[in-house]
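One structure is given below, encoded as structure tokens.
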Amino acid sequence: MPEIHRSDTPDLKEILKVRREKLTELKEKGKDPFRTVKYDVTNHTAEITSNLQKFEGKSVSLAGRLISKRGMGKASFCDLQDRFGKIQLFVKVNDVGEEAYEEFKKYDIGDIIGVKGEVFVTQRGETSIKTAEMTLLSKSLQPLPEKWHGLKDVDMRYRQRYLDLIVNPEVKETFIARSKIISSIRKYLDERDFLEVETPILNAIPGGGNAKPFITHHNTLDIDLYLRIAPELYLKRLIIGGLERVYEIGRLFRNEGISIKHNPEFTTIELYQAYTDYYGMMELTEQMIKTAAEEVCGSLEINYQGQMINLSSPWARITMKDAVLKHSGVDFDDIETDEQAAALIKEKGLDLKKGMTRGEAMNLMFEEYAEPNLIQPTFVLDYPVEVSPLAKRKPDKPELTERFEIFITGKEIGNAFTELNDPDDQRERFLNQVKKREAGDEEASMMDEDFINALEYGMPPTGGLGIGIDRLVMLFTDSYSIRDVLLFPTMKPKN
RNA sequence: GAGCCAUUAGCUCAGUUGGCAGAGCACUUGACUUUUAAUCAAGGGGUCCGGAGUUCGAGCCUCCGAUGGCUCACCA
């Protein structure tokens, strides 16, 4: 982290002092670059470099950051970077005049400049601008990181993301992809008559998931409020209200550990569609993610960290019971009681929690043995009711729910179910959670009487889906860490 | 929260057995009118993360602390 320097600081590093002096000199000559308020930009770098035939010989006007300089006496080359790429500028004393050329020589790498000139191709074949006129639009007072290696210090890249964006082009690509993925999803749902809604982030009761919430305080009401851990219960209230198809893309907050896959604030999309079930959600999930892949990556084959992921239909579907059987050899049909399940968990050397049920044991076995192996897109169906407090039971197997999670590259990307709309069952499930909470499980849900009350008015049979946007972006951009897909990941403050 | 590792110039990195603090880029000055990691010559630039200790002497060894990375645990 660079120290903060002021122009009157006497012990300014020399490298900064030089730039300050250049600024002072400009101000004295009445050419303070910070007084410039606009520049007439009519073109961008990439449109010129990719449409040479259209632009060759034409005059253009563009602006951006000076990112390199190669001076050769009375002529110079330099590179201008804008939002879309970069282009080479050729600056010759004969073209711009003595005075302007002397000024140009004092420009620093990092300065923001405006350029007018004619498009041409150099002897070495590079599309360039024959500069006729140059304007300093803003002075850069700090040196940029090294041009060849870029900025590598991970800490600095996240804390000073602007530098990362300037010098590491692939970073910009990642965040453009992120924006496109979200646009694609939004478009997909809007075209299918979903209504985008916004529900409260400040919650009196944090519901819809199992997680430790952040707590904040409202002064006037003098009450503690929680930052939402999921929008689920609000969105279902909207289904009860008759909106039929709703979705919300937004930030969730969970007061838990930070890791390569976890950030305390992260983005999800949740959507609810009346009159369908989890099979409907599977179809929607598969099509929506495929559409985004085609629009953003241009392919259904994606390379993630050296593995080829094939998103072509149909995606594998397997029940949790069968996944456990396949990857651990244990058939839960042979395990009938909680006691037998506990014995199995103990035998496998896994963490046996007090009072663990058969369903919780199956879920644990799944996470331990099956999950890491689900590299290609796989829907895992039929979760135990104990670990799915908001999902509807399977009519023929009430110990299981109509729920699936989608796994790609061994990571959970989404979670969906046929929504539980039986208020009495929902109350029981909440009470079960409350019991767990009282037993010390901070992540167990709280009772939400108003939500039960809403269900009592009648919620249509409904399918619901949640997708972790950050993880989807990681997959599509071949990013190893969630922090590489968050512009400003949560960091511990320095000092 | 636990373990392992890292922190040296603005940036990217070397630094031998504990013995004068180094390179490339960037910067300054000079040369150069088609270069592209431009080139050539000269120069400036350091709280070696912070603190304590061991030692004649510490960037290097020991201890404490800060920040970060990775792995594990909770979690999406």
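So you know, we letter chains A, B, ... as the sequences are listed, proteins then strands, and number each from 1. Values below: all heavy atoms of this structure, side chains included; hydrogens, waters and symmetry mates excluded.
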Worksheet entry | Identity of whatever pairs with B:G53 - Watson-Crick or G-U, under 3.5 angstrom | B:C61
Practice prompt. Give one of base, sugar-phosphate or nothing for A:Q123, where a contact means two heavy atoms less than 4.0 Å apart.
Written response: base
Discussion item. Need one value for A:V93: base, sugar-phosphate or nothing, where a base atom within 4.0 Å counts as base even if backbone is also close, heavy atoms only.
Written reply: base
Item to complete: Mind checking the CD1-CD1 spacing from A:I269 to A:I182? Nearest 0.5 Å is all I need.
Response: 9.0 Å
Discussion item. When both hydrogen-bonding distances must be under 3.5 Å and the geometry is Watson-Crick or G-U wobble, what is B:A37 paired with, if anything?
Written reply: none
Worksheet item: Is the A:F104 ring parallel, tilted or perpendicular to the A:Y107 ring (thresholds 30°, 60°)?
Response: perpendicular
Worksheet item: Within the side chain of A:R471, is there an N or O that forms a donor-acceptor pair under 3.5 Å with the backbone of A:E412?
Response: yes
Item to complete: Round to a whole Å and report the spacing from CG of A:L89 to P of B:U35.
Response: 16 Å
Discussion item. Using whole Å, what does the distance between atom P of nucleotide B:U28 and atom CG of A:L16 come to?
Written reply: 12 Å
Discussion item. Side chain of A:E146 only, heavy atoms from C-beta on: which candidate in B:A76, B:C11, B:G68 is closest?
Written reply: B:C11
Fill in: Backbone N/O of A:V385 and side chain of A:R403: donor-acceptor pair under 3.5 Å
no
Worksheet item: Which part of the nucleic acid, if any, lies within contact of A:F253, taking any heavy atom under 4.0 Å across all strands shown: a base, the sugar-phosphate backbone alone, or nothing?
Response: nothing
Discussion item. Using a heavy-atom cut-off of 4.0 Å across all strands, would you classify A:K212 as base, sugar-phosphate, or nothing?
Written reply: nothing
Discussion item. What is the distance, to the nearest angstrom, from the CD atom on A:E368 to the P atom on B:C74?
Written reply: 9 Å
Worksheet item: Given the P atoms of B:C11 and B:U47, what is the spacing between them in whole Å?
Response: 12 Å
Worksheet item: Taking OP1 and OP2 of B:U35, is either one under 4.0 Å from a side-chain nitrogen or oxygen of A:R124?
Response: yes
Worksheet item: Considering heavy-atom distances to RNA chain B, does A:K492 or A:R254 have its closest nucleotide positioned more toward the 5' end?
Response: A:K492
Response to the item:
The Watson-Crick or G-U wobble partner of B:A2, with both key distances under 3.5 Å, is B:U71
Response to the item:
Here the distance between atom P of B:U33 and atom CG of A:N94, to the nearest Å, is 10 Å
Worksheet, complete the sentence: Result for side chain to side chain contact (heavy atoms under 4.5 Å, CB included) between A:Y101 and one of A:D95, A:T131, A:V93, A:N94 points to A:V93
Item to complete: For the residue pair A:Q88 and A:R70, confirm or rule out a side-chain donor-acceptor distance under 3.5 Å.
Response: yes
Discussion item. Suppose you measure atom P in B:U29 against the same atom in B:G19; what distance do you get, rounded to whole Å?
Written reply: 39 Å
Worksheet entry | For atom CG of A:L151 and atom C1' of B:C13, their distance in whole Å | 14 Å
Worksheet item: According to the 5.5 Å centroid and 30° plane-angle thresholds, does A:F77 stack upon the nucleobase of B:A38?
Response: no
Item to complete: Would you classify A:K22 as touching base, sugar-phosphate or nothing, given that sugar-phosphate means primed atoms plus P, OP1 and OP2, and contacts are heavy atoms under 4.0 Å?
Response: sugar-phosphate
Discussion item. With a 3.5 Å limit on both atom pairs, tell me what B:U16 is paired to, counting Watson-Crick and G-U wobble, or say none.
Written reply: none
Discussion item. Determine whether a donor-acceptor pair (N or O, by modelled atom type, separation under 3.5 Å) exists between the side chain of A:Y247 and the backbone of A:L235.
Written reply: no
Worksheet item: Just how far, in rounded Å, is C1' of B:U29 from CD of A:E21?
Response: 14 Å
Fill in: Any A:R70 side-chain N or O less than 4.0 Å from OP1/OP2 of B:A38
yes
Worksheet item: Between B:G57 and B:C4, how far is it from one C1' atom to the other, in whole Å?
Response: 32 Å
Worksheet, complete the sentence: From the candidates B:U71, B:C27, B:G10, the one with an atom nearest any side-chain atom of A:V18 is B:C27
Worksheet item: Within the structure, does a side-chain N or O atom of A:K147 lie under 4.0 Å from either OP1 or OP2 of B:A26?
Response: yes
Discussion item. What's the gap between B:C25 and B:U62 when it is taken at their P atoms, as a whole Å value?
Written reply: 36 Å
Fill in: Between B:C74 (P) and A:L350 (CG): distance, integer Å
11 Å
Discussion item. Would you measure the distance from the C1' atom in B:G15 across to the matching atom in B:U34 and give it in whole Å?
Written reply: 41 Å
Discussion item. Please pick, from B:G68, B:G10, B:C74, the nucleotide with the shortest atom-to-atom distance to any side-chain atom of A:D155.
Written reply: B:G68
Discussion item. Between B:U55 and B:U67, how far apart are the two C1' atoms, rounded to whole Å?
Written reply: 29 Å
Discussion item. I'd like to know if the side chain of A:R19 reaches the main chain of A:S140, judged simply by a donor and an acceptor atom lying under 3.5 Å from each other, with no hydrogens or angles considered.
Written reply: yes
Worksheet item: Taking atom P in both B:C13 and B:C72, what distance in whole Å separates the two?
Response: 25 Å
Please list, for nucleotides 40-43 of chain B, all pairs of protein and nucleotide N/O atoms separated by less than 3.5 Å.
none

Discussion item. Can you tell me how the ring of A:F430 sits relative to the ring of A:F451, calling it parallel under 30°, perpendicular over 60° and tilted otherwise?
Written reply: perpendicular
Worksheet entry | Proximity to the side chain of A:T122 - top-ranked nucleotide from B:U36, B:G69, B:A76 | B:U36
Worksheet item: In the strands shown, is B:C48 matched to any nucleotide by a Watson-Crick or G-U wobble pair with both distances under 3.5 Å, and which?
Response: none
Fill in: Carboxylate-amine/guanidinium contact A:K69 A:D108, below 4.0 Å
no
Item to complete: Take atom P in B:C49 and the same atom in B:G59, then report the distance between them in whole Å.
Response: 10 Å
Fill in: side-chain N/O A:R483 vs B:G68 OP1/OP2, d < 4.0 Å
no
Discussion item. Closest-nucleotide mapping onto RNA chain B: is A:P145 or A:E367 further toward the 5' terminus? I mean the 5' end.
Written reply: A:P145
Practice prompt. Answer with base, sugar-phosphate or nothing: what part of the nucleic acid does A:G150 contact at a heavy-atom distance below 4.0 Å?
Written response: sugar-phosphate
Worksheet item: Testing A:K105, A:K106, A:K31 for salt bridge (charged side-chain N to carboxylate O under 4.0 Å, His left out) with A:E99, which one passes?
Response: A:K31
Worksheet item: Hey, does A:N263 reach any base, or is it just sugar-phosphate, or nothing, if we go heavy atoms under 4.0 Å?
Response: base
Fill in: Nearest-Å distance for atom pair NZ/C1', residues A:K17 and B:U28
12 Å
Discussion item. Can you tell me the base-pairing partner of B:G24? Count Watson-Crick or G-U wobble geometry only, both distances below 3.5 Å, and say none if there is no partner.
Written reply: B:C11
Worksheet item: Counting any heavy atom closer than 4.0 Å, what does A:D153 reach on the DNA or RNA strands: base, sugar-phosphate only, or nothing?
Response: sugar-phosphate
Fill in: Pairwise side chain to side chain donor-acceptor pair (under 3.5 Å) hits with a residue in residues 368-378 of chain A, at least two apart
A:H327-A:N373
Discussion item. At 4.0 Å (heavy atoms only), tell me whether A:K92 reaches a base, stays on the sugar-phosphate, or touches nothing.
Written reply: base
Worksheet item: Which part of the nucleic acid does A:G468 contact within heavy-atom distance under 4.0 Å: base, sugar-phosphate only, or nothing?
Response: nothing
Practice prompt. For A:I413, answer base if it contacts any base atom (sugar-phosphate contacts may also be present), sugar-phosphate if it contacts only those atoms, and nothing otherwise; contact means non-hydrogen atoms under 4.0 Å.
Written response: nothing
